[in-house]
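The structure under discussion appears below in the form of structure tokens.
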Amino acid sequence: MLATVDALHRRRADLVSESLIDAYVAAFWMEWAGGTLKLTETGQNICKQLRAAARVA
């Protein structure tokens, strides 16, 4: 998830598979808004949790 978010922020969506994006959209972690993919509130919370877990590990 974090690698996907990083790729999208760097405007490198070509590094992310369509099936992975579809899975994030289906899980309501991301959504399409005006032709761009953005994190939902749930997706933002997931990223925060993953970053916190990475700092602990």
Side-chain angles (χ1 to χ4, degrees):
M1 174 72 165
L2 294 178
T4 298
V5 171
D6 181 55
L8 293 174
H9 282 164
R10 291 184 294 124
R11 297 180 181 259
R12 291 300 313 263
D14 60 308
L15 300 176
V16 184
S17 71
E18 286 184 39
S19 61
L20 191 54
I21 290 173
D22 289 343
Y24 289 143
V25 170
F28 301 106
W29 292 2
M30 293 184 174
E31 64 185 358
W32 289 103
T36 8
L37 199 57
K38 70 174 209 165
L39 287 171
T40 62
E41 188 173 341
T42 302
Q44 291 172 10
N45 290 335
I46 295 292
C47 285
K48 288 177 190 174
Q49 291 172 8
L50 290 171
R51 286 185 185 109
R55 282 190 291 260
V56 172

Decide if atom CZ of R11 counts as having more than 12 heavy atoms of other residues, nucleotides or ligands within a radius under 6.0 Å.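 12 or below, so no.
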
According to a hydrophobic-cluster definition based on side-chain heavy atoms being under 4.5 Å apart (Ile, Leu, Val, Met, Phe, Trp, Tyr only), do F28 and L20 belong together? no

L15 reachable from L8 in the ILVMFWY side-chain graph, under 4.5 Å edges: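 Different hydrophobic clusters.
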
Taking the side chain as every heavy atom from C-beta outward, state whether V25 and L37 have any atom pair closer than 4.5 Å.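 Contact flag for V25/L37 side chains = yes.
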
Flag side-chain contact, heavy atom, 4.5 Å: M30 against V5: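 Side chain of M30 against side chain of V5, heavy atoms only: contact under 4.5 Å found.
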
Between CD of E41 and CD1 of I46, what distance do you get to the nearest 0.5 Å?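 Reported value, rounded in 0.5 Å steps: 11.5 Å.
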
CG/L50 to CZ/R55 distance, rounded to the nearest 0.5 angstrom? 11.0 Å

Shortest non-hydrogen contact between M1 and G43, atoms and distance: CE-O, 4.0 Å

